[in-house]
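Remember, it's 1-based here, ligands and their atoms both numbered in the order they're listed.
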Amino acid sequence: MQYRAYGKTGVTVSVMGFGGMRFENPRDHEKSAATVLRAFEKGVTYFDTAPFYCEDQSEIIVGKAIKEMKKRGKPFVVSSKSNRVKGSELRQDLEKSLKRLNVEALDFYNCWCLMTLDDWERRKGGGAVKEIMKAKEEGLIRHAVFSTHLPGPDIQKVIEEGYFEGVTLGYCATNFPYREQGIQAAAAHNMGVVVMNPLGGGTLVSNEAAFGFIKIRPEQTMLEAALHFIMANQQITVALVGCRNDADVDSAVAAIESYRPYSAEEVQNIRSRVQGDYNNLCTTCMYCKGCPEGIPVWKFMETYNHTLIKDGESPANRLKWHWGVSIKELERCTQCGHCEEVCTQHLPILERFEALKKAA
Ligand code: SF4
Ligand code: SF4
């Protein structure tokens, strides 16, 4: 395992972070916590979780693993989040997270999921940011950070306001132009950078025909190529890998450990192959899962990804055989707009539904 300094915090963390957002059976706390511990035993020291992840079980699972990790006497850090606007509500989230995670203080606490600069203004105006700073003074938070789906120039604006010591952002080999400026701004301010979605929500890894150009050596797997691209950037501190089970931990750690430094030319070769960027792909983050009509929006949007990357799979087949859903489900859509409001990638979901209806 490689370790990197997290900005100017004085903390060193593993370059692979454990992402606690994809446990395959979150109601099985024992088994899920064992997966977290497996990562810890393999040298991972950065653990990321949040309220509501995995049916709201993720913090409980990570907390269970932390109880055990404390006994082992090796260092680790834990990160959690709150997206509240009101300071008093953020405080409630924080206290709940501390309790569930079995820690006295959160090593990293994220002002979670800044979607727009207006949203950022609301977090300041509503007292959330002030409450994070207060909790830091009280010793309940060691390092204040933010997580975001903003484009690079907007990330830079938030960074320049000087509240935070690090940023968590979505970034991968095929959408890097969208947030590059944010990473550079973080480096200029000596801040830590945690990358979420380094595998493009899985799209990258499962579509070698479209994205095989990210492999710089024939023996690399797509998982290795996606993670190595991130590791080649020294401005990035941690690549968060969402692990469903022990097998995911093993393959991610093996991929990380097979890294050999890229030359500047090799990095440039990948970059020059990305035409524009692929930031218009759905990352299957499932933030849109609160559809009042119960429509599994992400299943349709992931299907649409396949028309964008032109891998030849028909939407009808994808919906039927991969997702087991019918295009008829879209007839329930009232066009309320909720899914578009919460979409982390700001995707034109309703427009894509129409395209799918025509194609399927
Ligand atoms: S616009 Fe349609 S799919 Fe989106 S949340 Fe509303 S009803 Fe659900
Ligand atoms: S449509 Fe948007 S919010 Fe929903 S899964 Fe895809 S990227 Fe995430």
- Message: Tell me the protein heavy atom at minimum distance from atom 2 (Fe) of ligand 1, and give that distance in Å.
- Response: C333 SG, 2.4 Å
- Item | Pair K157 + E160, salt bridge at N-O below 4.0 Å | no
- Message: Give the atom numbers and elements of ligand 2 that come within less than 4.0 Å of a heavy atom of Q345.
- Response: 7 (S)
- Please write down residue, atom name and distance for the protein heavy atom closest to atom 1 (S) of ligand 2. M301 CG, 3.7 Å
- Item | Cationic N near anionic O, under 4.0 Å, K64 to E68 | no
- Message: Any salt bridge linking R332 with E329? Criterion: basic side-chain nitrogen under 4.0 Å from a carboxylate oxygen.
- Response: yes
- Query: Is there a side chain to side chain contact (heavy atoms under 4.5 Å, CB included) between E161 and K124 once you walk through the steps?
  - Reply: CA-CA 11 Å; E161 292 189 39; K124 286 187 286 181; 2.6 Å; yes
- Would you please say whether a donor-acceptor pair under 3.5 Å links the side chains of S32 and Q57? no
- Message: Looking at atom 4 (Fe) of ligand 1, is there an N, O or S atom belonging to C339 that lies under 2.8 Å away from it?
- Response: yes
- Message: Yes or no: does L350 have any heavy atom under 4.0 Å from an atom of ligand 1?
- Response: yes
- May I ask you to identify the nearest protein heavy atom to atom 4 (Fe) of ligand 2, giving residue, atom name and distance to one decimal place in Å? C288 SG, 2.3 Å
- Task: Within a distance under 4.0 Å of any heavy atom of P292, pick out the atoms of ligand 1 and give their elements.
- Result: 5 (S)
- Message: Under 4.0 Å, heavy-atom basis, I'd like to know which part of E340 is in contact with ligand 1: side chain, backbone, both or neither.
- Response: neither
- Check ligand 1 against E293 and write out every atom of the ligand that is under 4.0 Å from a heavy-atom position of the residue. 7 (S)
- Working for side chain to side chain donor-acceptor pair (under 3.5 Å), residues E165 and T9: CA-CA 7 Å; E165 296 171 82; T9 60; 5.7 Å; no
- Task: Answer yes when E95 and R91 have at least one side-chain N-carboxylate O distance shorter than 4.0 Å, and no when they do not.
- Result: yes
- Could you tell me whether K81 and D93 have a side-chain N and a carboxylate O separated by less than 4.0 Å? no
- Task: Do me a favour and list the nearest non-hydrogen protein atom to atom 3 (S) of ligand 1 with residue, atom name and distance?
- Result: F353 CE1, 3.6 Å
- Query: Between Y109 and K136, is there a cation-pi geometry (under 6.0 Å to ring centre, at most 45° from the normal)?
  - Reply: no
- Going by the atom numbers of ligand 2, which of them fall below 4.0 Å from some non-hydrogen atom of M286? 5 (S), 8 (Fe)
- Which ligand 2 atoms are under 4.0 Å away from a heavy-atom of W298? 5 (S)
- Nearest protein heavy-atom contact for atom 8 (Fe) of ligand 2: which residue, which atom, what distance? C285 SG, 2.3 Å
- Message: Starting from atom 6 (Fe) of ligand 1, what is the nearest protein heavy atom, named by residue and atom, and what distance separates them?
- Response: C336 SG, 2.3 Å
- Message: Could you tell me, atom by atom, which parts of ligand 1 come under 4.0 Å of a heavy atom of G337?
- Response: 1 (S), 6 (Fe)
- List every atom of ligand 2 that sits less than 4.0 Å from any heavy atom of C343, numbering the atoms from 1 in the order shown and giving each element. 1 (S), 2 (Fe), 3 (S), 7 (S)
- Item | Cationic N near anionic O, under 4.0 Å, R260 to E266 | no
